[in-house]
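Every chain is numbered from 1, with letters handed out A, B, ... down the list of sequences. Just so you know, these numbers use all the heavy atoms, side chains as well, and skip hydrogens, waters and symmetry mates.
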Number of protein chains: 2
Amino acid sequence: MNGPGPRRNTRQRAVVLEELRGVNTHPTAVELYQIVRRRLPKISLGTVYRNLELLSRAGTIRKLDLGSGEARFDGDTRRHEHVRCVRCGRVGDVDASPEEMAGRGALERLSTQAGGYQILGYRLEFLGVCPRCAAAETTRPGCPPMDNQGKVE
Amino acid sequence: MNGPGPRRNTRQRAVVLEELRGVNTHPTAVELYQIVRRRLPKISLGTVYRNLELLSRAGTIRKLDLGSGEARFDGDTRRHEHVRCVRCGRVGDVDASPEEMAGRGALERLSTQAGGYQILGYRLEFLGVCPRCAAAETTRPGCPPMDNQGKVE
DNA sequence: ATAAGTGCAAACGTTTTGCCCTAGC
DNA sequence: GCTAGGGCAAAACGTTTGCACTTAT
């Protein structure tokens with residue numbers, strides 16, 4: 001998450017961000033590249049990747065790289081969860097906090113607010129620092145701590 | 001997930017499964033390949049991939065492919081969650097049910113039982129079928145429903 | 001005897017990288 | 001003018017696949 005961020009404002013980065021914010025489809029890098037190319041025909045895919053990386057490290061956008069091959073990107077950094085279609089890979093938004101999803105019957109309740117998605121299950125993974133890396137870390141301090149209410153990346 | 005499963009018993013598949021069950025490190029396909037090769041020097045990486053796919057489709061093992069590049073595999077199919085080290089990618093086990101992780105302070109409580117991992121956050125994604133695919137689905141029925149207590153893959 | 005499964009290598013899709021050039025500061 | 005960032009193409013990465021051969025059934 002929050003890294004150093006870009007040092008110059010380029011047209012390419014501005015357009016990448018604008019277009020990502022302009023869609024609600026959580027596009028992949030390639031999909032966004034095709035959209036952006038309509039305005040900047042000479043932009044390269046590499047530049048799209050570089051800027052998506054830069055923007056998500058700066059916390060301006062969110063990278064959704066939960067399995068299933070390619071990463072998808074979200075211009076909305078407010079806290080919300082996602083549903084991924086197991087057939088086509090399309091990603092939608094869900095307004096469920098982990099608090100809400102606790103307990104039996106939560107999955108059923110969720111379906112009503114998942115934009116028509118039929119919910120089958122979920123994937124959960126915690127993120128942390130293993131003991132070995134933590135030990136190595138104490139040697140050279142100054143790594144950025146958590147600042148986004150429990151959600152990483 | 002539970003798919004058809006393999007039709008013949010091969011030495012390669014038996015060794016892949018034995019070795020996966022013999023470690024507690026949630027290896028990647030390549031890591032497991034290197035382990036298995038000690039017993040079957042002629043086995044190919046492709047075969048390891050094919051068998052891991054086959055075994056996880058049969059429900060015999062678990063595939064942990066939540067983002068971060070390569071998939072990792074778990075020979076223990078009992079329900080438990082995982083912690084991924086954000087520095088080195090190593091994966092550990094957590095005994096938390098989603099019920100336990102609900103509510104504030106859960107992350108802090110978790111750290112004590114995550115095998116020494118310092119917990120920073122989590123990643124959550126729901127899986128489902130989008131309206132469009134559901135519509136296409138009604139045409140040709142017979143897709144396997146959920147059967148593993150809310151967890152998919 | 002049949003065909004599921006193997007070994008090998010080539011191909012795949014996504015992402016990263018090196019290089020030289022462009023343009024923001 | 002300095003150098004972060006872009007364009008392009010090549011490489012890297014994890015994974016899948018085509019094909020001829022092997023082997024469990």
- Query: Within this structure, what is the CG-to-P distance between L45(B) and dG18(D), rounded to whole angstrom?
  - Reply: 17 Å
- Would you indicate what L54(A) reaches in the nucleic acid, counting non-hydrogen atoms under 4.0 angstrom: base, sugar-phosphate, or nothing? nothing
- Query: If you check the A29(A) side chain, which of dT15(C), dG5(D), dT6(C) turns out closest?
  - Reply: dT15(C)
- Check the distance between dG14(D)'s C1' and E53(B)'s CD and give it to me in whole angstrom. 13 Å
- Going by modelled atom types, is there a donor-acceptor pair between the base of dG7(D) and the side chain of R50(A) at under 3.5 Å? yes
- Item | R38(B)/E19(B) salt bridge by N-O under 4.0 Å criterion | no
- Item | dT23(D) OP1/OP2 closer than 4.0 Å to side-chain N/O of R8(B) | no
- Just how far, in rounded Å, is P of dT6(C) from CZ of R39(B)? 15 Å
- Task: Check whether any side-chain nitrogen or oxygen of S44(A) sits under 4.0 Å from OP1 or OP2 of dC8(D), and answer yes or no.
- Result: no
- Message: Just N and O in the side chain of Q12(A): are any of them under 4.0 Å from OP1 or OP2 of dG7(D)?
- Response: yes
- Item | Atom-to-atom span, CZ of R7(B) to P of dT25(D) - whole angstrom | 14 Å
- Winner on side-chain proximity to P6(B), out of dT6(C), dG5(D), dG5(C), is dG5(C)
- Query: side chain to side chain donor-acceptor pair (under 3.5 Å) with D74(A): which of K63(A), R62(A), H80(A)?
  - Reply: H80(A)
- Note on the structure: L52(A) atom CG is separated from dG6(D) atom P, nearest whole Å, by 11 Å
- Item | Test: D65(B) and R72(B) ion pair at under 4.0 Å | no
- Calculate the interatomic distance between E70(A) atom CD and dG14(D) atom P; express it in whole Å. 17 Å
- Query: Would you find more than 12 non-hydrogen atoms of other residues, nucleotides or ligands less than 6.0 Å from R7(A) atom CZ?
  - Reply: no
- Task: Nearest 0.5 Å please: distance from the CZ atom of F73(A) over to the OG1 atom of T28(A).
- Result: 8.5 Å
- Task: Could you tell me the separation between the NZ atom of K42(A) and the P atom of dT22(C), rounded to a whole number of Å?
- Result: 9 Å
- Query: Closer than 4.0 Å, any side-chain N/O of T10(B) to the OP1 or OP2 of dT6(C)?
  - Reply: yes
- Query: Please give, in whole Å, the distance from dT14(C) P to Y49(A) OH?
  - Reply: 7 Å
- Query: Taking OP1 and OP2 of dG5(C), is either one under 4.0 Å from a side-chain nitrogen or oxygen of N9(B)?
  - Reply: no
